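To keep things clear, I will list the structure first and then write my remarks on it.
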Amino acid sequence: MAQAKKKKRNRVDGWLVLDKPAGLTSNDALNRIKRLIHPEKVGHAGTLDPLASGLLPLAFGEATKTVPFVMDGRKVYSFEVTWGAETETDDTEGDVTETSNVRPTEDDILAVLPEFQGTIMQVPPKYSAIKIGGERAYKLARAGEDVEIEARPIDVHRLDLVECPDENTAIFEAECGKGTYVRALARDIARKLGTRGHVTALRRLVVGPFGEDDMIMLENLEELGQCAPGLGLSEDHASLFLPVETALDDIPALAVSRADAALLRKGQSVLLRGRDAPAVKGLVSVSAGGELVALGEVVRGAIQPKRVFNLAPAPAGAVVTMKE
């Protein structure tokens with residue numbers, strides 16, 4: 001029997017910033033994109049809970065080498081807290097574990113928010129991806145095991161009360177660093193207010209260099225696929241990708257000659273020559289002729305390549321704006 005012919009994988013390098021709908025896991029959303037575009041390589045930068053919607057950065061091809069820089073960036077969330085009940089998951093998916101009749105006023109909430117800003121200690125939810133003895137905490141919790149997670153430092157750069165639609169709910173916006181659990185933040189704010197609470201809506205608005213204007217709705221991407229079924233990566237799809245170097249906005253950039261670029265791609269160091277050589281140290285993003293070449297480290301006047309990029313040629317196509 002003849003073997004089934006494998007579907008051709010598309011070579012594409014860059015970032016696609018998805019507006020993940022609530023109700024899907026990050027992997028579910030990623031798998032739908034895979035079926036649509038058939039990429040050679042793709043991954044996401046930062047998981048979103050199924051309850052949550054919003055910004056999910058997807059790294060394709062050579063962009064996967066820059067994922068750590070996006071994951072280390074700041075994140076902004078909008079979230080709704082409902083007072084009066086704490087759940088085992090700190091959101092709507094878990095069973096209620098404690099209740100309270102206390103309903104905080106707007107003034108009460110504003111008074112405690114400063115205590116949850118800056119570098120603070122946080123105990124992640126037991127239904128989280130934290131590893132305990134090599135096993136994910138949520139797997140242990142689902143198996144009925146007693147999960148103990150130690151408090152860890154997190155950075156909350158900004159925490160604002162947006163509105164109180166009624167006495168039972170409050171809407172917040174938080175800007176925070178890597179490792180922050182918004183569900184745990186809501187839980188701890190409620191406890192500080194002498195009540196109990198859990199997250200009933202969560203939306204991610206910013207991850208590192210990516211914001212709301214970059215997001216593309218999953219249904220819009222799938223509509224493009226229906227217009228040209230079976231063609232994989234269409235020109236319209238390709239035009240929606242952001243460059244690999246978008247993830248490196250916070251890193252100093254250096255331009256080198258094509259000859260030096262060839263050396264870097266071979267793993268060889270390049271000396272920064274002459275009196276006009278830039279006075280930089282540490283990690284740099286290196287390009288030649290406007291194309292990303294490498295991530296390097298400048299040590300004693302020379303660029304030492306740490307990550308080398310070999311980007312696919314950018315497909316031509318009409319620019320499609322889909323920022324709904």
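When a residue number appears, it is its place in the shown sequence, counting from 1. Keep in mind that what you see is a predicted model, and the values were worked out from it rather than measured.
In terms of heavy-atom proximity, Gly179 sits nearest to Gln122 at O-OE1, 4.1 Å. Taking both residues in full, the closest heavy atoms of Leu202 and Phe79 are given as CD1-CB, 3.7 Å, listed atom of the first, atom of the second, then distance. Minimum interatomic distance between Val70 and Val207 (heavy atoms only, all atoms of both residues): CG1-CG1, 3.6 Å. The shortest non-hydrogen separation linking Ser100 to Gly194 is OG-O, 3.8 Å. For Leu51 against Glu93, the heavy-atom pair with the smallest separation is N-OE2, 4.3 Å. Minimum interatomic distance between Ser257 and Ala288 (heavy atoms only, all atoms of both residues): O-CB, 4.1 Å.
In this structure, the separation between CG on Leu193 and CG on Leu113 is 8.0 Å, given to the nearest 0.5 Å. Atoms CD1 and OG1, on Ile171 and Thr200 in that order, are 8.5 Å from each other to the nearest 0.5 Å. Atom OG1 of Thr66 is separated from atom CD of Glu245 by 9.5 Å, given to the nearest 0.5 angstrom. Going from atom OG of Ser53 over to atom CG of Leu24 covers 11.0 Å, rounded to the nearest 0.5 Å. In this structure, the separation between CE on Met217 and CG on Leu18 is 10.0 Å, given to the nearest 0.5 Å. Atom CZ of Arg32 is separated from atom NZ of Lys20 by 10.5 Å, given to the nearest 0.5 angstrom.
Counted within 6.0 Å of CG on Asp166, heavy atoms from surrounding residues, nucleotides or ligands total more than 12; the atom is thus considered enclosed.
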Can you check side-chain contact (heavy atoms from CB on, under 4.5 Å) on Ile154 and Ile120, steps first, answer last? CA-CA 6 Å; Ile154 61 165; Ile120 62 174; 3.6 Å; yes

Met121 and Val123: side-chain contact (heavy atoms from CB on, under 4.5 Å), yes or no, with the steps? CA-CA 7 Å; Met121 299 300 291; Val123 177; over 6 Å; no

Would Glu88 and Thr97 count as a side-chain hydrogen bond (donor to acceptor under 3.5 Å, both in side chains) if you check the C-alpha gap in whole Å, the side-chain angles of each, and the deciding distance to 0.1 Å? CA-CA 6 Å; Glu88 60 182 359; Thr97 54; over 6 Å; no

Kindly determine whether Arg158 and Glu173 satisfy side-chain contact (heavy atoms from CB on, under 4.5 Å), including the steps that lead there. CA-CA 8 Å; Arg158 176 174 59 85; Glu173 187 168 291; 3.2 Å; yes

Go through the steps to decide whether Leu16 and Ile37 satisfy the test side-chain contact (heavy atoms from CB on, under 4.5 Å), and finish with yes or no. CA-CA 11 Å; Leu16 191 64; Ile37 295 177; 4.2 Å; yes

Before giving the answer on side-chain hydrogen bond (donor to acceptor under 3.5 Å, both in side chains), spell out for Thr25 and Asn27 the whole-Å C-alpha distance, their side-chain angles and the decisive distance to 0.1 Å. CA-CA 5 Å; Thr25 69; Asn27 282 333; 5.5 Å; no

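Tyr77 meets the ring-ring contact (aromatic ring centres under 6.0 Å, His included) test with no other residue; sequence neighbours excluded. Listed by chain and number, the residues in a ring-ring contact (aromatic ring centres under 6.0 Å, His included) with Trp83 amount to none (sequence neighbours excluded).
Proximity of Val67 to Trp15: side-chain heavy atoms (C-beta onward) are separated by under 4.5 Å at one or more points. Val12 has its side chain within reach of Phe60: a pair of non-hydrogen atoms, C-beta onward, lies under 4.5 Å apart. In this structure, Leu292 and Pro243 have side chains that are not in contact, with every pair of non-hydrogen atoms separated by 4.5 Å or more. At a threshold of 4.5 Å between non-hydrogen side-chain atoms, the residues Leu185 and Leu159 count as touching. The closest side-chain heavy-atom distance from Thr180 to Asp155 is not below 4.5 Å. Side chains of Thr195 and Pro104 form a contact here, defined as non-hydrogen atoms less than 4.5 Å apart. Within the 4.5 Å cutoff, side-chain heavy atoms of Val298 are placed close to those of Leu254.
No continuous path of ILVMFWY side-chain contacts below 4.5 Å connects Phe69 to Val206, so the two sit in separate hydrophobic clusters. Linking Ile, Leu, Val, Met, Phe, Trp and Tyr whenever their side-chain heavy atoms come within less than 4.5 Å leaves Val102 and Leu110 in two separate clusters. Put simply, Leu221 and Leu56 are part of the same group of oily side chains (I, L, V, M, F, W, Y) that touch within less than 4.5 Å, one to the next. Under the 4.5 Å side-chain contact rule for hydrophobic residues, Val76 and Leu48 do not share a cluster. By the criterion of side-chain heavy atoms lying less than 4.5 angstrom apart, applied directly or through intervening Ile, Leu, Val, Met, Phe, Trp or Tyr residues, Leu218 is grouped together with Phe241 in one hydrophobic cluster.
Judged by distance alone, the side chain of Asn31 and the main-chain N or O of Asp28 form no donor-acceptor pair under 3.5 Å. Of the possible polar contacts, one joining the Lys75 side chain to the Gly73 backbone as a donor-acceptor pair under 3.5 Å is found. In terms of modelled atom types and a separation under 3.5 Å, the side chain of Thr89 and the main chain of Gly94 share a donor-acceptor contact. Remark: side-chain polar atoms of Thr105 are paired, donor with acceptor, to backbone N or O of Asp108 under 3.5 angstrom. Between the side chain of Thr64 and the main chain of Ala59, no donor-acceptor pair closer than 3.5 Å is present. A donor-acceptor contact shorter than 3.5 Å is absent between the side chain of His198 and the backbone of Thr92. Although no hydrogens or angles enter the test, the distance criterion places no donor-acceptor pair under 3.5 Å between the side chain of Asp90 and the main chain of Ala186. Checking side-chain atoms of Arg204 against main-chain N and O of Ala52 turns up no donor-acceptor pair under 3.5 Å. At distances below 3.5 Å, not a single donor-acceptor pair connects side-chain atoms of Lys65 with backbone N or O atoms of Gly61.
Asp19 has a carboxylate O that lies under 4.0 Å from a charged side-chain N of Arg203, or vice versa, which qualifies the two as a salt bridge. A salt bridge does not link Arg103 to Glu167: none of the charged side-chain nitrogens sits closer than 4.0 Å to a carboxylate oxygen.
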Please tabulate, one pair per line, all N/O donor-acceptor pairs under 3.5 Å involving side-chain atoms of residues 299-312, not counting sequence neighbours.
none

